[in-house]
Amino acid sequence: MREHPNGFHVAFVGNPNCGKTTLFNAITGARLKVANWPGVTVEKKEGTVEFEDEKLILIDTPGIYSLSTYTIEEKVTRNCILDDDIEVIVNVVDASSLERNLYLTLQLLELGKPIVMALNMMDVVEERGMEIDMHRLPEMLCDIPIVPVSAIKKRGLDILLHAIIHHKEAVTLGEVFSYSDALEDKIKKLEVIMAAKYPNHSSARWHAIKLLEDDEEVSEEHPVDVSRIVDKSYSRQIIQAKYSYIDDIIKECLFNKSAKEAGTDRIDAILTHPVFGVPCFLIIMALVFLLTFTLGDWIKGFLEIFLEWLQQTVSVLFDSAHVAVWLKGLVVDGIIAGVGGILTFLPNIIILFIALAVLEDSGYMARVAYVMDGIMGKLGLSGKAFLPMILGFGCTVPAIMATRALETPKDRRRTMLITPFMSCSARLPIYVLFSGLFFGKWAAVVSFSMYVLGILVALATAFIANLFDKKKNKNNLLIELPEYKRPNLRSIRIYVWNKVKDYLTKAGTTIFIASIIVWFALNIGPRGFVGEPADSFAAIVAKVIAPALKPCGLNMWEVVVALFAGVSAKEVVVTSFTVLFSNAVNGASLYDSIKSVYPTFTAANALALMVFCLLYTPCLATIATIKKESESIKFTLLSMLFQIGVAFAMSTLIFNIARLFVG
Ligand code: GDP
Ligand code: MG
């Protein structure tokens with residue numbers, strides 16, 4: 001045994017929330033903050049304890065799921081345990097979710113350092129009536145000491161300390177678990193190369209495996225020429241092999257899984273199935289939107305009746321008070337029709353957000369990233385990039401911010417480029433309006449197809465970006481799949497209320513101001529106040545641009561005005577249409593007004609318009625967020641240009657296809 005004048009170093013390592021800090025506090029008597037969410041301990045903390053005449057220096061590390069170096073936590077912890085001063089690693093494991101914790105355990109075992117497992121939360125395991133085979137489990141994990149403890153009840157702590165002090169033999173995972181022959185062959189060769197160049201290296205096998213995973217930090221720290229052996233990243237195979245070994249362990253060692261966990265497994269057998277997972281996701285989303293459109297539209301009908309009544313009442317009031325014609329126009333056609341028109345979409349939007357909140361709170365959203373990981377991997381993105389995309393169904397601004405969870409700047413930019421293609425809730429009024437006007441009973445299907453189209457364009461963009469990418473990504477998804485639970489009413493209420501508040505604020509500020517500006521732009525011309533929007537400044541400018549939109553069937557100056565105005569907020573496209581065409585023929589429905597000005601405007605044109613609105617430049621708030629998060633004006637401008645280009649190309653394509661059917 002080595003001498004430890006100052007005590008010997010022991011690192012507590014484990015997944016977030018497995019109870020490392022609680023255990024650390026229980027042993028050292030320290031009072032570090034214990035929290036029930038990941039990312040609280042981002043620095044390592046030290047404490048000392050004396051036991052059996054030995055002095056131990058315990059180190060609490062940030063929680064991690066793996067030993068890669070993607071996140072700050074992973075870096076801090078990995079550097080800490082690769083440090084040779086650490087003599088024993090205590091792998092703290094949440095026994096109540098053994099399966100999820102063992103992935104890190106297998107990685108730690110590959111390090112070839114002395115390891116003791118603290119099987120924490122045994123109180124939960126007992127309470128749930130689960131049983132763990134304490135004979136077979138260590139056998140399958142290189143015979144490391146496994147000590148059942150409960151940090152919260154302070155049970156098993158002395159046995160754990162005893163094991164830490166007396167277990168200092170290095171272990172080799174290779175004895176109980178190996179990869180495919182081809183991989184093992186490569187690992188052997190790499191180990192030989194490593195040993196020749198770095199004879200004193202203590203974790204040669206781990207390094208060899210990391211080299212096969214194409215781990216940048218490892219290859220920078222210990223450069224060796226491995227190009228003949230490592231022809232590509234083998235990380236997917238390596239991860240899969242580990243998970244299938246974990247499956248074996250769970251089958252042999254874990255009995256009486258709790259009913260809740262078993263339920264989660266049963267649901268996941270379908271929802272995260274390799275083949276059915278994606279169709280399940282699409283069906284769930286289709287149901288969400290069906291509900292949004294059918295039920296939402298029904299309630300919307302009542303709001304529209306109220307709005308019409310309000311317009312008429314105010315109109316009559318203004319007439320009897322002899323208010324100036326232009327002011328009456330501004331208030332009735334500009335503000336009430338504009339802002340009020342947007343507010344009638346509130347039922348649709350509330351339903352959409354309730355559905356999204358339920359999906360998130362029940363634990364399904366995390367699974368979507370998991371289900372999509374395979375597809376995203378082929379596009380050079382991690383499944384994690386799909387989460388910002390789904391958030392994009394709500395609002396693009398927080399979705400862009402959520403790209404912070406991605407590992408590399410390149411991944412982030414790529415995700416920022418494609419996230420605006422996801423249909424945000426502001427685009428929903430556009431679909432509801434135009435599909436309702438032109439597609440009758442197919443309205444819900446057409447609206448839903450816009451969502452699908454957005455996803456497809458986003459994925460296609462990522463695919464093309466990946467084709468041109470010389471240095472391919474090697475992403476590995478590791479996210480925690482929480483147990484399913486019944487959605488909490490309170491958290492859904494808070495979530496939905498916040499979104500509704502945002503929407504109302506937007507209607508009261510951006511859309512309010514935009515509809516006033518649009519109204520003025522449409523009513524002021526070279527000759528001052530013009531009763532006819534066609535003579536206004538906006539029309540004069542728009543008429544110059546309009547012919548450019550002929551290929552996609554949108555060569556109408558009104559459309560150009562609406563699209564420009566829509567950059568302030570996408571709902572303003574709808575507002576502008578109401579303002580534009582309410583002036584054209586008073587009293588007629590929007591459909592009749594459009595038809596009376598443009599008799600050839602058919603469902604094909606409406607479809608092209610929806611596609612254009614889906615894909616073109618996102619709103620100002622999003623642009624500002626992209627600029628802030630990417631820290632690049634160039635990237636921001638290029639992405640805007642790109643989005644306009646895609647919008648033009650796709651709406652042209654779809655317009656011309658649709659024309660074949662609509663005639
Ligand atoms: P860390 O992220 O690994 O540092 O985990 P924490 O020490 O912050 O603990 C996460 C949560 O698990 C806290 O709510 C703890 O109270 C709880 N916890 C920790 N150990 C135990 C235990 O042995 N039994 C039970 N029931 N809960 C525990
Ligand atoms: Mg902690």
Side-chain angles (χ1 to χ4, degrees), residues 65-70 78 91 98-113 115 136-144 170-198 201-219 222 224-254 269 272-275 277 370-371 373-380 382-383 472-479:
Y65 295 112
S66 86
L67 285 183
S68 39
T69 53
Y70 293 143
R78 173 158 133 177
N91 177 205
L98 195 56
E99 195 167 352
R100 240 182 271 150
N101 282 239
L102 284 177
Y103 182 73
L104 179 64
T105 306
L106 291 188
Q107 291 211 319
L108 291 172
L109 288 172
E110 267 167 357
L111 284 172
K113 291 198 166 200
I115 291 187
R136 186 67 186 127
L137 185 61
E139 259 179 20
M140 295 186 82
L141 295 171
C142 316
D143 284 321
I144 55 167
V171 292
T172 335
L173 182 62
E175 282 165 15
V176 293
F177 157 72
S178 49
Y179 297 98
S180 67
D181 290 348
L183 277 180
E184 283 295 337
D185 188 46
K186 285 183 190 291
I187 295 172
K188 296 254 156 50
K189 283 184 188 149
L190 288 170
E191 272 185 282
V192 172
I193 298 177
M194 287 290 295
K197 196 158 175 197
Y198 306 102
H201 199 281
S202 60
S203 313
R205 184 176 163 89
W206 183 79
H207 261 77
I209 295 168
K210 280 287 159 199
L211 286 173
L212 278 177
E213 291 182 2
D214 205 6
D215 184 296
E216 270 165 27
E217 210 157 287
V218 161
S219 29
H222 295 88
V224 273
D225 178 26
V226 292
S227 50
R228 273 188 307 133
I229 304 167
V230 189
D231 46 351
K232 60 170 194 172
S233 168
Y234 289 89
S235 54
R236 258 166 221 275
Q237 275 129 291
I238 290 173
I239 291 176
Q240 266 156 17
K242 285 203 180 90
Y243 274 117
S244 82
Y245 187 57
I246 292 172
D247 268 355
D248 295 346
I249 298 179
I250 295 296
K251 274 197 205 99
E252 290 193 37
C253 303
L254 183 66
T272 62
H273 187 274
V275 179
Y370 178 80
V371 166
D373 188 49
I375 295 180
M376 299 300 277
K378 291 198 183 73
L379 309 175
S382 113
K472 297 264 189 281
N473 272 340
K474 38 169 199 314
N475 277 303
N476 306 305
L477 180 73
L478 281 168
I479 53 168

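- Considering NZ of K113 and CG of L108, their distance stands at 10.5 Å, rounded to 0.5 Å.
- Other residues, nucleotides and ligands place no more than 12 heavy atoms under 6.0 Å from the NZ atom of K378.
- Judged by distance alone, with hydrogens and angles left aside, the side-chain atoms of S203 form a donor-acceptor pair with the main-chain N or O of L111 at under 3.5 Å.
- Proximity of V218 to R78: side-chain heavy atoms (C-beta onward) are separated by under 4.5 Å at one or more points.
- No side-chain heavy atom of Y179 sits under 4.5 Å from any side-chain heavy atom of K186.
- Separating the CD atom in E252 from the CG atom in L137 is a distance of 10.5 Å, to the nearest 0.5 Å.
- D185 is not listed as a side-chain neighbour of D181, based on a closest heavy-atom distance of 4.5 Å or more.
- Taking the side chain as every heavy atom from C-beta outward, S219 and L211 approach each other to under 4.5 Å.
- Taking each heavy atom of L109 and C142 in turn, the nearest pair found is CD1-SG, 4.3 Å.
- No donor-acceptor pair closer than 3.5 Å links the side chain of R136 to the backbone N or O of C253.
- Every residue two or more places apart in sequence or in another chain was checked for a ring pair (Phe, Tyr, Trp, His ring centres under 6.0 Å) with Y234, and none qualifies.
- Summarising the geometry, atom CG belonging to L67 is positioned 9.0 Å from atom OH belonging to Y103; distances are rounded to the nearest 0.5 Å.
- In summary, E191 and K188 do not engage in a salt bridge, as defined by a charged side-chain N under 4.0 Å from a carboxylate O.
- Between I229 and I193, the shortest heavy-atom distance links the atoms CD1-CD1, 3.5 Å.
- With a 4.5 Å cut-off on side-chain heavy atoms, S180 and Q237 do not count as touching.
- Remark: K251 does not engage E99 in a salt bridge, criterion side-chain N to carboxylate O under 4.0 Å.
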Audit row: L102, Y245, side-chain contact (heavy atoms from CB on, under 4.5 Å) steps and yes/no: CA-CA 10 Å; L102 284 177; Y245 187 57; over 6 Å; no
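- Note: Y243 OH to I249 CD1 = 12.5 Å, rounded to the nearest 0.5 Å.
- Taking 4.5 Å as the limit, some side-chain heavy atom of L141 sits within range of a side-chain heavy atom of L106.
- Taking CG from L212 and CD1 from I187, the interatomic distance works out to 5.5 Å, rounded to the nearest 0.5 Å.
- With a 4.5 Å cut-off on side-chain heavy atoms, I144 and N91 do not count as touching.
- For the pair K242 and F177, the minimum side-chain heavy-atom distance is below 4.5 Å.
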